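Note sheet for the following structure.
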Number of protein chains: 2
Amino acid sequence: MNTKPLLDYISKYITLTDEEEVFFISKLTYRKYLKGQYIVQQGDICDKTSFLISGCSKTFYVDDKGQEHIVLFAIEDWWVSDIGSFITQTPADYNVQCIENTEFIQFSYQDQELLLDKIPKLERLFRKMIEKALVSTQKRIVRGFSLNAKEQYLYFKQHYPTIEQRVPQYMIASYLGITKEFLSKIKSQILLEQ
Amino acid sequence: MNTKPLLDYISKYITLTDEEEVFFISKLTYRKYLKGQYIVQQGDICDKTSFLISGCSKTFYVDDKGQEHIVLFAIEDWWVSDIGSFITQTPADYNVQCIENTEFIQFSYQDQELLLDKIPKLERLFRKMIEKALVSTQKRIVRGFSLNAKEQYLYFKQHYPTIEQRVPQYMIASYLGITKEFLSKIKSQILLEQ
DNA sequence: AATAAATGTTAATCTAGATTAACATGATTT
DNA sequence: AAATCATGTTAATCTAGATTAACATTTATT
């Protein structure tokens, strides 16, 4: 198991002793998913939090009409889970599905409790992780208010150029809350402008 | 300063020793705002987190066209701040304004750091607070996907009956992301159905 | 290489909700 | 009790973006 990316990530927030690091690693599991596989399915209880090592995933909600709404793409160094479901151990609202073959390092809900018990300074790490998630959610809400579809697409393209390349266009449309047809229109418009 | 509501709130998540409690209280300040006053203004740096003791506030974003978008009403026992601005000490995206005379207990960014230093178990409290905020944000996003305007209004009315009574209708419309005219239409429709 | 499946494009049409404007009511202020 | 201000209502019109459908292209499978 290649724990380096995760340990590097963690070291930005807290410093573990050797002993703590060993215990921490002992609670981690490595898992490889194939393209199309689900890490979380809406309705299930999300029993693990996953740190993405390689690949790409999408987090999305399917409404009554079967419409998919993507809320997040994750790539290297991102955490994924349905946080609401994980925290309260109730059914998940969201799905997380791999859109490439994807590797994760994961820990279970129970092991998170053990980890927090044994290494209280992880509280700080988890706080920081959740803060980051909350901030990016709130920033995205603000973009939804202040930018039109085209501006949101340009923002996405500029800030996540890798994702824009890796992910099919209809998924980007779903992420932006527009149809693929409309995104297509936007893209041709942008081309004309240049 | 009436710290009881806050201490009661905290005791749901952690237990402070007497000494810790004294130190904690020493870093709190009490402040009364008049109706219309701002706790946070977008563009300012949000330097404090506020726990609402009595009254009511709205958190909202004003777009380029001057349009107000309410994202949260807060009443007794809720925390308010622009979390992104508070954490990163960068300009706030949101405004928080009192819609009644309102009392808060507050602590500053600097004192939060002091508090976390002296009482590490507060990490857990703050983690839990932010988890709650993130979960309710994500739940609200799901409602946005799965419910139409009328269903969202009914959800709001059912879950926050107090707020529905206290707050002018045009603010509820803004919270629901619709015009007051349309909310009015919805309400008359609901009346007809009964 | 041929076929099938997935994804993208174009263009016509549709619709939920927004906008506008004129009037109504209820609450404050003088 | 007028006058003013805040909020609500009704109804006509407008529009951003959605939907549909037919076709095009790219990618995966045989």
Side-chain angles (χ1 to χ4, degrees), chain A residues 34-37 56 58 60-70 73 97-101 143-157 163-194, chain B residues 34-37 56 58 60-70 73 97-101 143-157 163-194:
Chain A
L34 297 175
K35 177 176 173 172
Q37 285 190 299
C56 187
K58 61 174 177 175
F60 63 102
Y61 173 75
V62 180
D63 67 25
D64 339 313
K65 287 161 210 140
Q67 192 69 37
E68 205 177 291
H69 305 272
I70 296 178
F73 294 110
Q97 188 181 20
C98 297
I99 51 189
E100 302 174 4
N101 293 343
R143 291 199 299 279
F145 291 144
S146 56
L147 306 181
N148 64 23
K150 183 168 153 193
E151 292 165 330
Q152 276 186 269
Y153 170 66
L154 287 169
Y155 181 94
F156 177 75
K157 197 177 146 100
I163 297 176
E164 215 265 326
Q165 297 307 325
R166 274 161 97 159
V167 160
Q169 192 166 323
Y170 77 100
M171 287 190 195
I172 295 171
S174 164
Y175 176 83
L176 297 174
I178 61 178
T179 60
K180 59 186 164 46
E181 289 82 356
F182 189 51
L183 175 55
S184 162
K185 222 179 254 174
I186 287 170
K187 288 179 80 169
S188 66
Q189 229 179 301
I190 291 169
L191 276 176
L192 283 175
E193 282 164 13
Q194 284 160 359
Chain B
L34 297 174
K35 177 177 173 170
Q37 284 188 301
C56 187
K58 61 173 176 175
F60 63 102
Y61 173 77
V62 180
D63 66 25
D64 339 312
K65 288 161 209 139
Q67 192 68 37
E68 206 177 291
H69 305 272
I70 296 177
F73 294 110
Q97 188 182 21
C98 297
I99 51 188
E100 301 174 4
N101 293 344
R143 291 200 299 278
F145 291 143
S146 55
L147 306 181
N148 64 24
K150 183 168 153 194
E151 291 165 332
Q152 277 186 269
Y153 170 67
L154 288 169
Y155 181 94
F156 178 74
K157 198 178 145 98
I163 298 177
E164 216 264 327
Q165 297 307 325
R166 273 161 99 160
V167 160
Q169 193 166 322
Y170 76 100
M171 287 191 197
I172 295 171
S174 164
Y175 176 83
L176 297 174
I178 61 178
T179 59
K180 57 185 166 43
E181 288 83 357
F182 188 51
L183 175 55
S184 162
K185 223 179 256 176
I186 286 169
K187 288 180 78 169
S188 65
Q189 229 179 300
I190 290 168
L191 276 176
L192 283 175
E193 282 164 15
Q194 286 159 356

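Below, chains carry the letters A, B, ... as their sequence lines are ordered, and counting in each starts from 1. Remember, predicted model here, so these are calculated numbers, not experimental data. The analysis underlying the following values was restricted to heavy atoms, covering all of them including side chains, and did not include hydrogens, waters or symmetry mates.
One interatomic measurement links the two molecules: CD1 of B/Ile178 to C1' of D/dA16, which rounds to 18 Å at whole-angstrom precision. Distance A/Gln152 CD to D/dA16 C1': 14 Å, rounded to the nearest Å. We find that OH of B/Tyr153 is positioned 16 Å from P of C/dG17, with the value rounded to whole Å. D/dG17 atom P lies 16 Å from atom CD of A/Gln67, rounded to whole Å.
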Polar atom pairs (N or O), protein with nucleotides 24-30 of chain C, under 3.5 Å:
none

Between N or O atoms, less than 3.5 Å apart, protein on one side and nucleotides 7-10 of chain D on the other: list the pairs.
from	atom 1	to	atom 2	distance (Å)
D/dT7	OP2	B/Tyr170	OH	3.4
D/dG8	OP1	B/Gln169	N	2.8
D/dG8	OP2	B/Tyr170	N	3.0
D/dT9	OP2	B/Gln169	NE2	3.2
D/dT9	OP2	B/Ser184	OG	2.9
D/dT9	O5'	B/Ser184	OG	3.3

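With B/Asn101 contributing its side chain and B/Leu34 its backbone, the two residues share no donor-acceptor pair below 3.5 Å. Proximity of a side-chain donor or acceptor of B/Gln97 to a complementary backbone N or O of B/Gly36 within less than 3.5 Å is detected.
Residues meeting the side chain to side chain donor-acceptor pair (under 3.5 Å) test with B/Lys180, sequence neighbours left out: none. With sequence neighbours excluded, the residues that form a side chain to side chain donor-acceptor pair (under 3.5 Å) with A/Lys187 are A/Gln169. By the salt bridge (charged side-chain N to carboxylate O under 4.0 Å, His left out) test, B/Glu164 is found to be paired with no residue, residues two or more places apart in sequence or in another chain being considered.
Between B/His69 and A/Phe145, the ring planes lie parallel to each other; the angle is under 30°, not in the 30° to 60° tilted range.
Overall bending of the helix from C/dA1-D/dT30 to C/dT30-D/dA1, expressed as the angle between end axes built from five pairs apiece, is 40° (10° steps).
In this structure, CD on A/Gln165 lies 8.5 Å from CD1 on A/Ile172, to the nearest 0.5 angstrom. Atom OH of residue A/Tyr153 and atom OH of residue A/Tyr175 lie 13.0 Å apart, to the nearest 0.5 angstrom.
Of all the heavy atoms in B/Ile70 and B/Ser174, the pair that sits closest is N-OG, 2.9 Å.
With a 4.5 Å cut-off on side-chain heavy atoms, B/Phe182 and B/Leu176 do not count as touching.
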